[in-house]
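Residue numbers run from 1 in the order of the sequence given.
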Amino acid sequence: MPIKRVVVLHGLYMSGFVMKPLCLKLNKAGYDILNLSYNTLHPDREKIFTRIDDYIGDMSTALVCHSMGGLVARAYLQNGSYASSHVKKVITLGTPHKGSAIAKHMHDKGLDMLLKNSLEFLLSENHDWPFNAKLYSIAGDIPFGLMPLLQRGSRSDGTVLVDETKLVGMAEHKVFHLSHTSLIYSRQVMNYVQQILESDDQKGSERRV
């Protein structure tokens with residue numbers, strides 16, 4: 001069944017407002033959108049998961065997520081509800097699937113108060129993608145942010161290391177020459193997301209744009 005519903009999840013310190021341009025493009029392309037805002041410092045798993053469940057029902061759905069939103073999506077799939085079995089694709093933009101090096105640095109420096117309960121997601125140490133839903137992981141490589149100061153010579157979008165966006169079992173990994181936040185607003189990325197939603201299953205690969 002073709003995907004017609006899309007759940008959009010924003011990243012840390014943000015709200016659904018920042019995802020509106022992407023949502024507008026997908027809506028114009030014929031997709032029904034749930035742009036879900038949640039408190040990133042105090043994420044209420046039960047509330048978030050229930051809203052997603054109620055929206056999906058038994059319809060084929062994709063999750064499109066920026067940064068921490070991709071980790072929330074993973075937790076949702078791990079929860080294993082009936083509705084989650086209808087998630088066919090997960091598309092992540094700058095998500096630190098292996099855990100966030102910046103969050104770990106802040107945690108080690110005793111700065112948990114700045115991240116609060118987001119740490120339960122950001123300090124995760126995942127290495128594979130075990131779900132039936134296919135993962136399409138998008139990364140950026142313009143290091144505009146703190147990461148170059150923390151890890152000199154690293155390849156990142158300024159906030160998330162490119163390596164943190166890679167998992168064994170993902171369907172595709174693609175790198176755009178963009179910074180962490182600009183991944184949300186890039187026309188190239190928006191077109192790629194729409195292409196994934198419209199396409200049949202793709203062979204696993206890694207590409208740089």
Side-chain angles (χ1 to χ4, degrees), residues 2-45 47-57 59-77 83-84 86-97 100 115-118 121-122 133-142 144-145 157-160 165 172 174-199 209:
I3 293 171
K4 285 299 177 185
R5 291 190 175 182
V6 178
V7 177
V8 175
L9 295 168
H10 58 82
L12 183 66
Y13 301 132
M14 296 183 177
S15 71
F17 179 80
V18 302
M19 307 300 287
K20 281 189 174 182
L22 175 60
C23 292
L24 180 61
K25 178 175 178 60
L26 295 179
N27 189 249
K28 285 183 176 179
Y31 294 96
D32 189 65
I33 308 295
L34 171 63
N35 184 9
L36 198 161
S37 283
Y38 62 99
N39 186 330
T40 59
L41 296 180
H42 299 285
D44 184 332
R45 286 178 180 245
K47 183 177 179 181
I48 293 169
F49 296 171
T50 297
R51 285 194 65 192
I52 298 174
D53 280 345
D54 290 345
Y55 175 74
I56 292 176
M59 300 292 290
S60 294
T61 302
L63 308 181
V64 178
C65 320
H66 180 242
S67 198
M68 175 182 159
L71 299 173
V72 174
R74 183 186 183 101
Y76 171 71
L77 293 178
S84 70
H86 294 282
V87 175
K88 305 304 180 185
K89 296 178 181 180
V90 178
I91 306 169
T92 59
L93 288 63
T95 291
H97 290 286
S100 167
L115 298 172
K116 298 185 178 178
N117 294 343
S118 69
F121 297 100
L122 296 174
K134 292 189 175 297
L135 172 64
Y136 297 83
S137 180
I138 299 169
D141 67 358
I142 292 182
F144 183 72
D157 62 13
T159 301
V160 173
T165 66
E172 184 165 289
K174 192 164 183 175
V175 182
F176 289 84
H177 194 52
L178 296 165
S179 66
H180 190 66
T181 301
S182 63
L183 285 168
I184 304 172
Y185 302 110
S186 163
R187 184 170 297 179
Q188 263 190 313
V189 172
M190 290 184 185
N191 289 339
Y192 176 58
V193 169
Q194 187 175 338
Q195 173 190 326
I196 292 170
L197 293 175
E198 294 172 351
S199 69
V209 173

Rounded distance (nearest 0.5 Å) linking atom CD of Q194 with atom CG of N191:
6.5 Å

Give the C-alpha distance, both sets of side-chain angles, the deciding distance and a yes or no for side chain to side chain contact (heavy atoms under 4.5 Å, CB included) between T181 and V18.
CA-CA 9 Å; T181 301; V18 302; over 6 Å; no

Any donor-acceptor pair under 3.5 Å from K25 side chain to M190 backbone:
no

Please find the pair of heavy atoms, one from G140 and one from L183, that lie closest to each other, and give the distance.
N-CD1, 4.0 Å

Could you give the distance from OH (Y192) to CG (L93), rounded to the nearest 0.5 Å?
10.0 Å

Counting only heavy atoms not in K20, do more than 12 sit closer than 6.0 Å to its NZ atom?
no

Any donor-acceptor pair under 3.5 Å from T40 side chain to L12 backbone:
no

Dump the intermediate steps for side chain to side chain contact (heavy atoms under 4.5 Å, CB included) on L122 and L71, then the final yes or no.
CA-CA 7 Å; L122 296 174; L71 299 173; 4.0 Å; yes

What heavy-atom pair brings S67 and G11 nearest, and what distance separates the two atoms?
CB-CA, 4.2 Å

Please evaluate residues Y31 and E198 with respect to the criterion side chain to side chain contact (heavy atoms under 4.5 Å, CB included), reporting the C-alpha separation (whole Å), side-chain torsions for both, the decisive distance (0.1 Å), and the verdict.
CA-CA 10 Å; Y31 294 96; E198 294 172 351; 3.2 Å; yes

Treating T50 as the side-chain partner and K47 as the backbone partner, does any N or O pair qualify as donor plus acceptor under 3.5 Å?
no

Apply side chain to side chain contact (heavy atoms under 4.5 Å, CB included) to D157 and L178, showing your working.
CA-CA 7 Å; D157 62 13; L178 296 165; over 6 Å; no

Less than 4.5 Å apart, side chain to side chain, heavy atoms only: is that true for I56 and L34?
no

Side chain of S137, backbone of T165: donor and acceptor closer than 3.5 Å?
yes

Does F144, at its CZ atom, have more than 12 non-hydrogen atoms belonging to other residues, nucleotides or ligands within less than 6.0 Å?
no

Give me the ring orientation class for H66 and H180: parallel if the planes are under 30° apart, tilted from 30 to 60°, perpendicular past 60°.
tilted

Check whether any side-chain heavy atom of Y76 sits under 4.5 Å from a side-chain heavy atom of V7, and report yes or no.
no

Side-chain heavy-atom pair L135, T92 within 4.5 angstrom cut-off:
yes

Could you give the distance from NE2 (H86) to CD1 (I3), rounded to the nearest 0.5 Å?
13.0 Å

Quick one: pull up CD1 in I33 and NZ in K4 and give me the separation to the nearest 0.5 Å.
10.5 Å

Would you call V90 and L77 a side-chain contact if the rule is heavy atoms closer than 4.5 Å?
yes

Nearest heavy-atom contact between I91 and L197 is CD1-CD2, 3.9 Å

So, taking the atom named SG in C23 and the one named NE2 in H10, what distance separates them when rounded to the nearest 0.5 Å?
10.5 Å

Are the side chains of V72 and F121 in touch, meaning some heavy atoms are under 4.5 Å apart?
yes

If you look at every heavy atom in M14 and I184, which pair is closest and at what distance?
SD-CD1, 4.1 Å

D32 and Y55: which non-hydrogen atoms are nearest, and at how many Å?
O-OH, 2.6 Å

Is there a side-chain contact between S182 and I142 in this structure, where contact means two heavy atoms from C-beta onward sitting under 4.5 Å apart?
no

Quick one: closest heavy-atom pair of C65 and G70, and the distance?
CB-N, 3.3 Å

Is L41 close to Y13 at the side-chain level, that is, under 4.5 Å between some pair of heavy atoms?
yes

Rounded distance (nearest 0.5 Å) linking atom CE of M68 with atom OG of S118
5.5 Å

Mark yes or no for whether D53, through its side chain, and A83, through its backbone, hold a donor-acceptor pair below 3.5 Å.
no

